Engineer: 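Have a look at this one.
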Protein chains: 2
Amino acid sequence: MDFIHQLGPVALGSRLRRISEQLTAEASLIYADYNLAFQPRWYPVFYLVAQQPGLTANEIAERLGHTHAAVSQVVKELVKSELLAAEPSASDQRRRLLHLTARGQTLLPQLQAQTADVRHGIEDLLATAAPHLWSALEALEQHLHQQPLHQRVAAARQRRVSSGEYIRDYTAADQPIFRQLNVEWITRYFALEPADLKALDQPQDYILAPGGCILLAESAGQVVGACALIKLRDEPGYELAKMAVSPAAQGQGLGYRLGQAAVQRARELGATRLYLESNSVLTPALRLYRKLGFRPVANPPASPYARADVFMELFLT
Amino acid sequence: MDFIHQLGPVALGSRLRRISEQLTAEASLIYADYNLAFQPRWYPVFYLVAQQPGLTANEIAERLGHTHAAVSQVVKELVKSELLAAEPSASDQRRRLLHLTARGQTLLPQLQAQTADVRHGIEDLLATAAPHLWSALEALEQHLHQQPLHQRVAAARQRRVSSGEYIRDYTAADQPIFRQLNVEWITRYFALEPADLKALDQPQDYILAPGGCILLAESAGQVVGACALIKLRDEPGYELAKMAVSPAAQGQGLGYRLGQAAVQRARELGATRLYLESNSVLTPALRLYRKLGFRPVANPPASPYARADVFMELFLT
DNA sequence: AAAAACTATGTAAGTACTTACACAAATATA
DNA sequence: TATATTTGTGTAAGTACTTACATAGTTTTT
């Protein structure tokens with residue numbers, strides 16, 4: 001379950017699918033509760049015909065935003081279950097006009113009562129859990145319609161290719177360069193400490209497994225920057241750590257872009273606070289952190305790093 | 001497409017499914033753009049193995065929140081495509097440890113670049129369209145987990161059964177009672193007008209088809225109240241009209257509950273304003289409208305009803 | 001040490017849709 | 001009036017998962 005969170009919005013489709021599957025499963029339970037000889041997926045077609053007898057499969061499909069094939073299959077089942085009946089239109093022999101059978105009419109009141117209950121249940125759920133979800137979905141669909149996702153992605157690709165630089169996630173093969181970039185700057189100013197070695201030698205165990213992530217900046221096919229988000233204990237937040245930019249790539253705002261990406265990622269992961277430890281000698285880094293919005297912590301906790309003498313945090317709304 | 005909107009949150013599952021399908025379709029387009037011999041649904045498994053070589057199918061399934069069967073099938077395809085390879089664990093002959101092949105390693109950088117682009121594209125989409133969608137989905141899943149939907153629906157059912165009253169949607173079979181309830185009160189105070197007959201004789205054509213809806217209050221199996229939401233022109237709003245409660249059921253707050261349901265429904269339909277026309281003689285009704293939040297309109301438009309001399313509106317946020 | 005239970009994996013079939021194709025009836029075009 | 005196109009419908013097969021079942025290897029119980 002944690003990987004979906006790590007991927008974040010990239011897995012938006014999967015997430016929506018999973019929730020919808022969950023709701024579908026719930027729907028079966030609900031129908032079972034009401035003891036109706038009725039399948040959830042019949043609902044829209046049946047209800048539409050109840051509202052408006054004389055509709056054809058094609059018209060229903062259009063109203064539901066499904067294909068005629070889907071409706072055709074459902075209608076077939078509904079006719080077989082003797083809930084709907086069809087008769088050919090007098091004016092157009094191809095059209096099959098649908099209406100409820102006597103059995104369907106008998107079922108209708110129960111289905112209406114159930115629908116009212118479901119409506120209340122979902123309204124209750126949405127009101128308490130996600131009051132703006134419905135309108136957000138509306139907006140999402142509209143924007144998707146206006147500019148499809150693949151166009152947005154193509155634009156992002158364009159920007160990446162023209163800038164030659166992008167930020168991506170760490171994978172196992174990146175451990176050597178992740179280590180090297182950090183060792184480089186740490187040993188220039190300080191000595192490597194045990195906590196460094198743990199995180200740099202086994203980032204998988206010490207950073208990723210506990211729910212953190214590592215971002216790498218790649219420029220011209222080379223990894224030239226890195227930073228990690230390490231899960232804080234007992235709070236929905238992360239420590240921004242192991243931030244390193246290769247000397248050759250410094251002074252071009254890469255660190256800032258990397259930092260921004262980390263902040264954005266933390267936001268997506270549901271963080272409410274970012275925390276970091278640094279050293280007063282590293283003035284350019286401290287300036288960068290300030291620029292990203294970090295401020296000194298009032299009562300810093302004990303640090304596993306001897307070199308840590310500056311402690312900052314950034315609250316995310 | 002309009003029926004999903006009419007059903008509103010009742011169709012939450014369908015809506016989520018449809019958006020996710022749309023995103024899946026977009027994903028195929030994106031993969032086509034990048035010319036990668038790679039299927040979208042392979043992505044999570046492949047990426048997880050890239051991050052953490054040595055995982056087994058079962059572990060991946062757990063992390064993805066899917067079944068092992070799904071992962072097993074994807075792994076099979078990935079192995080066939082020579083992107084992943086598996087070797088049995090030394091300590092446990094059942095476990096098949098997965099890792100990237102040379103071909104997989106070659107593909108990885110391209111996939112990472114593509115992922116970065118997709119992330120940007122979706123972040124852009126969410127930022128502009130639905131900034132709180134991600135957290136709303138998070139909250140929705142949590143609440144669903146805490147109290148499953150069928151429990152909420154069961155609670156709603158309980159309330160309905162114990163109160164003996166509920167509010168539901170109109171279907172074709174309800175036309176006679178819808179007409180009767182309205183004719184009853186109109187003729188007590190006024191004369192039936194042509195606009196009344198249109199709406200009461202063919203509610204399908206004059207109310208539902210243009211995107212409105214009709215709510216009915218049922219008590220002890222009898223329809224004892226009705227009201228309609230009629231789509232306003234050129235604005236996302238509705239006219240609250242044809243509100244009627246049977247004399248026998250009056251004085252029990254039914255009108256208020258019906259009105260509240262109508263306001264709620266209008267909200268779900270994305271309305272920003274409700275409008276109504278009434279007559280100064282109908283003091284109980286006017287009191288009810290006030291209680292629902294309606295206020296007099298400054299510059300009322302021309303009305304098709306001779307009896308209309310009070311014009312009110314309610315703005316929905 | 002044998003039996004029972006559990007675990008990792010794989011396969012088959014189902015789900016609720018889709019796309020692709022087929023065919024007859026209606027309409028438009030020549 | 002014959003032909004081409006469009007429209008309404010149905011069926012088959014695919015999709016990305018699921019559940020159900022089967023099987024072999026491992027661990028626990030007796």
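For the numbers below, each heavy atom of this structure counts, side chains included, while hydrogens, waters and symmetry mates do not. Numbers restart at 1 for each chain; the letters A, B, ... are given by sequence-line order, proteins then strands. Remember, it's a predicted structure, so these values are computed and weren't measured experimentally.
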Engineer: Between atom CZ in B:Arg96 and atom P in D:dT26, what is the gap in whole Å?
Structural biologist: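 Value for this atom pair: 15 Å.
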
Engineer: Taking the six-membered ring of B:Trp134 (Phe, Tyr or Trp), confirm whether the NZ or CZ of A:Arg267 is under 6.0 Å from its centre and within 45° of its axis.
Structural biologist: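 Ring-cation test returns no.
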
Engineer: It should be established whether A:Arg41 places a side-chain nitrogen or oxygen under 4.0 Å from OP1 or OP2 of nucleotide C:dA16.
Structural biologist: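 The answer is yes; a side-chain N or O of A:Arg41 sits under 4.0 Å from OP1 or OP2.
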
Engineer: At under 4.0 Å, does any side-chain N or O of B:Ser72 touch on OP1 or OP2 of C:dT9?
Structural biologist: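 For C:dT9, neither OP1 nor OP2 has a side-chain N or O of B:Ser72 closer than 4.0 Å.
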
Engineer: Calculate the interatomic distance between B:Arg15 atom CZ and C:dC17 atom C1'; express it in whole Å.
Structural biologist: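 Going from CZ in B:Arg15 over to C1' in C:dC17 covers 18 Å.
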
Engineer: If you only use heavy atoms from C-beta on, which nucleotide in C:dG10, D:dT11, C:dA26 is closest to the side chain of A:Gln93?
Structural biologist: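 Looking only at heavy atoms from C-beta outward on A:Gln93, the closest nucleotide is C:dA26.
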
Engineer: In whole Å, I'd like the distance from the CD atom of A:Glu77 to the C1' atom of C:dG14.
Structural biologist: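 Rounded to the whole Å, the gap is 12 Å.
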
Engineer: Does the side chain of A:Glu268 pick up a donor-acceptor pair with the side chain of A:Gln264 at under 3.5 Å?
Structural biologist: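 Distance-only check passes for A:Glu268 and A:Gln264.
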
Engineer: Measure the distance from CG on B:Leu55 to P on C:dA8 and round it to the nearest whole Å.
Structural biologist: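 Rounding to the nearest Å, CG of B:Leu55 and P of C:dA8 are 13 Å apart.
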
Engineer: Regarding B:Ala69, tell me which of base, sugar-phosphate or nothing describes its non-hydrogen contacts under 4.0 Å with the strands shown.
Structural biologist: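 Base contact - B:Ala69 has a heavy atom under 4.0 Å of at least one base atom.
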
Engineer: Give a yes/no answer on whether the side chain of B:Lys76 brings an N or O atom under 4.0 Å of OP1 or OP2 in C:dT9.
Structural biologist: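 It does not, given that no N or O in the side chain of B:Lys76 lies less than 4.0 Å from OP1 or OP2 of C:dT9.
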
Engineer: Please work out whether the ring planes of B:Phe38 and B:Trp42 are parallel, tilted or perpendicular, with thresholds of 30° and 60°.
Structural biologist: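 Aromatic pair B:Phe38/B:Trp42 classed perpendicular.
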
Engineer: Given D:dT18, D:dA16, D:dT11, which nucleotide is nearest the side-chain atoms of B:His66?
Structural biologist: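 Closest of the options to the side chain of B:His66: D:dT18.
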
Engineer: Name the nucleic acid region contacted by A:Ala70, choosing base, sugar-phosphate or nothing; use a 4.0 angstrom heavy-atom cut-off, strictly under.
Structural biologist: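 Base: the residue A:Ala70, judged by heavy atoms under 4.0 Å, touches a nucleobase.
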
Engineer: In whole angstrom, give the distance that lies between atom CZ of A:Arg95 and atom P of C:dT27.
Structural biologist: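 Going from A:Arg95 (CZ) to C:dT27 (P), I get 10 Å.
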
Engineer: Between A:Ala90 and A:Thr67, who's closer to the 5' end of DNA chain C by nearest nucleotide?
Structural biologist: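 Its nucleotide being nearer the 5' end, the pick is A:Thr67.
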
Engineer: For a quick check, tell me whether the side chain of A:Arg94 and the base of C:dA25 share a donor-acceptor pair closer than 3.5 Å.
Structural biologist: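 Such a pair exists between side chain and base.
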
Engineer: Does B:Thr56 make a side-chain N or O approach to OP1 or OP2 of C:dA8 shorter than 4.0 Å?
Structural biologist: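 Checking C:dA8 against B:Thr56, no side-chain N or O comes under 4.0 Å of OP1 or OP2.
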
Engineer: Nearest heavy atom decides the nucleotide; on that basis, is A:Ser14 or A:Asp92 closer to the 5' end of DNA chain D?
Structural biologist: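 It is A:Asp92 whose nearest nucleotide is closer to the 5' end.
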
Engineer: Starting at atom CD1 of A:Ile19, determine the distance to atom P of D:dC17, rounded to an integer number of angstrom.
Structural biologist: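 So the CD1-P distance, A:Ile19 to D:dC17, works out to 15 Å.
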
Engineer: Which listed nucleotide (C:dA8, D:dT9, C:dC17) is nearest to the side chain of A:Asn58?
Structural biologist: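 Minimum distance to the A:Asn58 side chain belongs to D:dT9.
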
Engineer: Examine the base of D:dT15 for any acceptor or donor lying under 3.5 Å from a partner atom in the side chain of B:Gln73, and report the outcome as yes or no.
Structural biologist: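 Such a pair does not exist between side chain and base.
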
Engineer: Within this structure, what is the CG-to-C1' distance between A:Leu64 and C:dT18, rounded to whole angstrom?
Structural biologist: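 To the nearest whole Å, that distance equals 15 Å.
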
Engineer: Just by modelled atom types, is the A:Thr115 backbone N or O under 3.5 Å from a matching donor or acceptor in the B:Arg168 side chain?
Structural biologist: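 No; judged by distance alone, with no hydrogens or angles, the pair does not exist.
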
Engineer: Is the shortest heavy-atom distance from the side chain of A:Gln22 to the side chain of B:His145 under 4.5 Å?
Structural biologist: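 Contact flag for A:Gln22/B:His145 side chains = no.
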
Engineer: How close or far is atom P of C:dG10 from atom CD1 of B:Ile60, stated in whole angstroms?
Structural biologist: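 Answer to the nearest Å: 11 Å.
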
Engineer: Looking only at the side chains, is there a donor atom on one of A:Tyr34 and A:Asp117 sitting less than 3.5 Å from an acceptor on the other?
Structural biologist: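 Side chains of A:Tyr34 and A:Asp117: pair found under 3.5 Å.
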
